[in-house]
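Below is one structure, written out as C-alpha cells; comments come after it.
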Amino acid sequence: MSHSHDKEDSCCSSKAHSEPKHSHDHAHEEGDEHDHDHGGDPSAFKTYLPAIVTLVMLLIGIAFDNLFNVPAFQVIRPYWYIVAYLPVGIPVLREVWETFKAKDFFTEFSLMSIATIGAFAIGEYPEGVTVMLFYTIGELFQMAAVNRAKRNIKALLDVRADVAHVLRNGKYEDINPEMVEIGETIQVKAGEKIPLDGELISDKSSFNTAALTGESKPRTINKGESILAGMLNLDKVIEVKVTKAFADSALSRILEMVQNATTRKAKTELFIRKFAKIYTPIVFFLALALVTIPILVLGNEYHFQTWLYRSLVFLVISCPCALVISIPLGYFGGIGAASANGILFKGSNFLDLITKLNTVVMDKTGTLTKGVFNVQKVESSIDEAEFLNLLTAVEAKSTHPIAKAIVEYAGEKEIHPAENIEEIAGMGLKGLVNGKEVLAGNVKLLEKFNIDFEPKIASIEESIVVVAIDQKYVGYVLIADEIKEDAADAIKQLYENGIKQVVMLSGDKTSIVKKVALSLGIDTYFGDLLPEDKVARLEAIKSDKSKVVAFVGDGINDTPVLAISDIGIAMGAMGSDAAIETADVVIQTDQPSKIATAVKIGKATKNVVIQNIVLAFAVKAIVLILGAGGIATMWEAVFADVGVALLAILNAVRIQKMKF
C-alpha cells in the first residue's frame, strides 16, 4: 500500500521485503526418507496385482499344506512359495539394493528381507511369504491414504484454467496460460475460469470466488479492479489485461505452497526418522545376539533352528514401519484436513507449533474488518466539487483502500493531472495539482507542516482524511470501515481454545482501535502505529519467552511482523502477495474464525500422532518380549508390525473425516 491515513496500512516499510521466516522454516531433512511408493497409482489395478497374485498363491499353498494330502505338492512346495514370494518381494529387495548402494544398510527394507529370507532358510515358507505380503499391503494402504490426502488438497485448489483466449493480431487465439505475456488482453466467456491474474477492462461482471476465498456469495468486480486466476466468470463475456505471468499468479503460488508443505517436517516427524536410523541397527544386532548368545549359555542343549526362528520373529516385530509410515501420514492428513477447511499450512512443523500457541496478535483492517471503505461525509470550506477534484487528483496516485474509496466516491469526473507526488510515511500524501500544493492525510501531516486546523477534528473517532491547499486547512472526508461478521465469534473461539491473550495492533487512530477492540472483546490494543512500531510492539510481546506468538495480517506493511512472529498467519483471499509469501499459514477464506479452526486441527493432528506412537511402542514391546521368550510366533510378529501399521494408518486417515 502506498498511502498513509489514520489506519494500519499506513505505509510500506523498508522492512516490508525482509527475509521470509527464520530457522523454523528450514526443517528440510529429505535425505533420510525412503520411497514407500514402489511406484504406481493406487487407483490402477496393476498396482494391486502383485499383492493379489501372492495372496492367491499363498492361500492355495496353505490349503494344500493343511487340507489336501497331495504328495506331489510336497515336492514342489519350496518352489511354489518362492514364486508366491517374488511379486511382493522383488520391489522390496530392489529397495534394499538401492539403499545398500547409498551405504544405508539398516532400513525397514533390509529388516524385512533378512526376516523373510531367514524364514525360507528354516523351512517356514508360509510365514516368510505372509510377512512380505502384509508389509506390501501396509505400503498400499499408506499410498492410498497419501493419494487421498493429495486429492483433497488438489480438489480445493486445482481450479486453474487449461486455456486462455488471447488477443493477437486482431483475433483471439487459444493458447496455454503459461505462454501468455504480461500486458496482453485475454477474453473470458461466461462460465469460464479466469486463467491469469489481471485487471478488468470490461465495465463490470459477477464472479464466483469460492475456490480462492471459500465465499459462496458472488462478487461484483468493476472496471480497473484486480481479478485473480481461479475465479469463475458468471455474467457475460469480459476482457482482462494480464498483470502477472502464470507462474506468479496467486493461485499458482498457493498450489506450490501446498505441494511444498510436506517438505517442512514437524519435530516429532524428524525425531522419529532419526530414531529409526539409530533403532534399526540396534534391533539388527539384538536379533543377531539372540541367535549367538544362547550357544554360550545352553551349550549342547542349544538348538540353532529354534533360536534363529525367535531371532527372525524379533526382527519382524521390531521393524519401525508403523512409526515411519503413520506419523508423516498423520501430519499429511492434518494438512489435508486444514486445506479442506480453507487453511493452508506451509509445513507440518507449523501444525505442531500452533498447538503451543498462547498469544495472538492481530492487525485490524482487512483482518478483523472488511477493509472496504465508504465515504460517509465530506466537509469543506471551499466549493465541494473543486475540493473533491483536487483531493482525487492526489489520491488517484495511491493504491490504498481509503484512496480508492475517495476516487470511487468522486465518480467519473475529469481528474486534474497531479505532479511531484510524495508519500510522507505514516502521515499521507503531498503533491502539486494545477499549480496548487495539496496535502491529504492525517492530523499528523498538518502538524508536520505547521498548518492550523479546527480542534474538533482531532477528537473525531472515525477514519478521517484532512486536506490543506497551499498551506491552508480546507476540510476533511470521513471514511468508515465495517467489522467482519465472524470477528467477535473468532475472538471468543480463540479464548475457548486455550489462547491466553489477544492483542490488536493498528496504524489507525487509537480511538477507532479502542472502539473496535471493545466491541470484539479484545482487552489489549495499540493504535497510531507505523510498521516499525508494530515490529517493536511484537518484539516486546515476544520478549516474554513463555509466549508462543502468532501474528495475523493481510497488508504488505504486515510483512516484517509476519516474518518475526513464531507463526505468521495471512488473510489469503485478498491479502497482499508479500504477506502471503512470508506467512506460515494462509487463511483462504479471509475469515478470522478460521484461526481457531487451525488451532483445533493442529491439536487433533498431534493427538493422532501421539496415539500412533503409543500404540506402536506398546504392542511392539509386548510382542518383542513374547518373541524373545519363544511364546510369540511369526504370525504374532506379523500383527505387531503390519497390523499395528495398518491400525496407525487408519487412525491417521481419521483426521480427514473429522468436523472442525
- Query: Can you name the closest pair of heavy atoms from Ile569 and Ile587 and give their distance?
  - Reply: CG2-CG1, 3.6 Å
- What distance do Lys356 atom NZ and Ile567 atom CD1 have between them, rounded to the nearest 0.5 Å? 9.5 Å
- Item | Ala652 to Val608 - nearest heavy-atom pair and separation | CA-CG1, 3.7 Å
- Interatomic distance, CG@Leu93 vs CZ@Phe100, rounded to 0.5 Å, equals 10.0 Å
- Message: Leu538 and side-chain contact (heavy atoms from CB on, under 4.5 Å): which single residue from Val503, Thr359, Leu562, Val561 fits?
- Response: Val561
- Donor-acceptor pair, side chain of Thr54 and main chain of Pro50, under 3.5 angstrom: yes
- Report yes if some heavy atom in the side chain of Ile491 is under 4.5 Å from a heavy atom in the side chain of Leu368; otherwise report no. yes
- Do the side chains of Val129 and Phe120 get nearer than 4.5 Å, heavy atoms only? yes
- Side-chain heavy-atom pair Gln591, Thr597 within 4.5 angstrom cut-off: no
- Step by step, work out the side-chain hydrogen bond (donor to acceptor under 3.5 Å, both in side chains) result for Asp489 and Gln493. CA-CA 6 Å; Asp489 185 49; Gln493 281 191 50; 2.7 Å; yes
- Compare all side-chain heavy atoms of Phe332 with those of Ile655 and state whether any distance is below 4.5 angstrom. no
- Message: Quick test of your reading of the model: are Lys547 and Asp566 salt-bridged, counting only N-O distances below 4.0 Å?
- Response: no
- Task: Determine which pairs satisfy salt bridge (Lys or Arg N to Asp or Glu O under 4.0 Å) with at least one residue from residues 595-616, sequence neighbours left out, and list them in order.
- Result: none
- Task: Examine distances only and state if a side-chain atom of Asn341 and a backbone atom of Ala337 form a donor-acceptor pair shorter than 3.5 Å.
- Result: yes
- Task: Report yes if the side chains of Asp590 and Lys484 come closer than 4.5 Å at any heavy-atom pair, otherwise no.
- Result: yes
- Item | Short side-chain to backbone donor-acceptor contact, Asn612 and Ala648, under 3.5 Å | yes
- Heavy-atom pair of closest approach, residues Ala51 and Val88: CA-CG1, 3.9 Å
- Note on the structure: In this structure, CG of Leu647 is separated from CG of Leu615 (nearest 0.5 Å) by 6.0 Å
- Between CD1 of Ile541 and CD of Glu539, what distance do you get to the nearest 0.5 Å? 10.5 Å
- Apply side chain to side chain donor-acceptor pair (under 3.5 Å) to Ser593 and list each qualifying residue two or more places apart in sequence or on a separate chain. Asp486
- In this structure, CE of Met362 is separated from CG of Asp554 (nearest 0.5 Å) by 11.0 Å
- Query: Is there side-chain contact between Ile354 and Ile601, with at least one heavy-atom pair below 4.5 Å?
  - Reply: no
- Query: If you round to the nearest 0.5 Å, how far is CG of Leu55 from CG of Leu133?
  - Reply: 5.5 Å
- Is the backbone of Lys364 close enough, under 3.5 Å, to the side chain of Thr367 for a donor and an acceptor to pair up by distance? no
- Full working for side-chain contact (heavy atoms from CB on, under 4.5 Å) between Ile117 and Tyr85: CA-CA 10 Å; Ile117 291 167; Tyr85 177 85; 4.2 Å; yes
- So which heavy atom on Thr116 is nearest to which on Gly128, and how close? CG2-O, 3.2 Å
- What heavy-atom pair brings Ser565 and Ala550 nearest, and what distance separates the two atoms? CB-C, 4.5 Å
- Query: Is any side-chain heavy atom of Leu286 less than 4.5 Å from a side-chain heavy atom of Leu290?
  - Reply: no
- Message: Any side-chain to backbone donor/acceptor pair from Asn358 onto Ser546? Under 3.5 Å, distance only.
- Response: yes
- Within 45° cone and under 6.0 Å: Arg94 NZ/CZ vs Trp97 ring: no
- Whether over 12 other heavy atoms sit under 6.0 Å from Arg537 CZ: no
- Between Ala487 and Pro592 the two heavy atoms that sit nearest each other are CA-CG, 4.0 Å
- Message: Using the rule given for side-chain contact (heavy atoms from CB on, under 4.5 Å), can you reason through Lys346 versus Val586, listing the C-alpha separation, both sets of side-chain angles and the distance that settles it, and then say yes or no?
- Response: CA-CA 8 Å; Lys346 290 189 186 176; Val586 180; 4.1 Å; yes
- Message: Using side-chain heavy atoms (C-beta onward) and a distance below 4.5 Å, is Ile564 in contact with Phe551?
- Response: no
